[in-house]
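The block underneath contains the structure these notes are about, expressed in structure tokens.
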Amino acid sequence: MPWIKPAKQSDLKDLEIYKDLDHPVPVFNRLIAKSPDVFSAFMPLAAAVKAGVLNEFETEAVVVFVSHLNGCEFCYTGHGNLLKKISRDDSILEELERYESSNAFESHLKSILSYAEKLVTNPKSLEKSDLEKLKEHGYSEKEIVEINQLIAYTSYTNQTSIGLGL
């Protein structure tokens, strides 16, 4: 249970963005909705980040990996269950922990996970060569920005979840 009371489902009906939401609105979103202005700005960003270059499996793999690195059990568990469902592989979370040697991930995704690991755990260690590796896998600068934003957005949501007691 979160440390602050989430907005009630009925309170969200007055928000202009309500018609664009999945129903029922998840607890994470209802926590952010305690500040309607932040929530109204947050939801379009969430949609834009999720609509990036990566497919559903790749996106969830990055989200689960980053959530694990950040120690966000709420996000790791929820997105981990979704990743298992998408991949149809109950061992995918273990594979993700050893992604570098795993056959469960293609080389382009391993490159993204390596970039994510550096960005989350030691951002000062990032170098231009890390982005060049992504370019070698065919990612454009636009797509690299989208990958970067997925990682950064996930870290943001992890900190939001942890900081509000999820």
Worksheet item: Do the ring planes of Y99 and F65 sit parallel (below 30°), tilted (30 to 60°) or perpendicular (above 60°)?
Response: perpendicular
Worksheet entry | Nearest-0.5 Å distance, NE2 of residue H23 to CD of residue Q9 | 8.5 Å
Worksheet item: Do the non-hydrogen side-chain atoms of F74 and I162 ever get within less than 4.5 Å of each other?
Response: no
Practice prompt. May I ask you to test the M43-N29 pair for a side-chain heavy-atom distance under 4.5 Å?
Written response: yes
Discussion item. With a 4.0 Å cut-off on N to O distance, would you call K110 and E106 a salt bridge?
Written reply: no
Worksheet item: Would you call E141 and K135 a salt bridge, taking side-chain N to carboxylate O under 4.0 Å as the test?
Response: yes
Fill in: Carboxylate-amine/guanidinium contact K84 D89, below 4.0 Å
no
Worksheet item: If only atom types and distance count, is the side chain of E60 paired as donor or acceptor with the main-chain N or O of F57 below 3.5 Å?
Response: no
Worksheet entry | Matching residue for L150 among V62, I112, V66 - test: side chain to side chain contact (heavy atoms under 4.5 Å, CB included) | V62
Item to complete: Answer whether the closest heavy-atom distance between the side chains of L54 and Y139 falls below 4.5 Å.
Response: yes
Worksheet item: Do side-chain atoms of N70 reach the backbone of C72 as a donor and acceptor pair under 3.5 angstrom?
Response: no
Discussion item. Hydrogens and angles aside, do S35 and D37 bring a side-chain donor and acceptor to less than 3.5 Å of each other?
Written reply: no
Worksheet entry | Identified side chain to side chain donor-acceptor pair (under 3.5 Å) partner of S67 from the options T154, N158, T157, T77 | N158
Discussion item. Students often mix this up, so state it plainly: with edges at 30° and 60°, are the rings of H68 and Y76 parallel, tilted or perpendicular?
Written reply: tilted
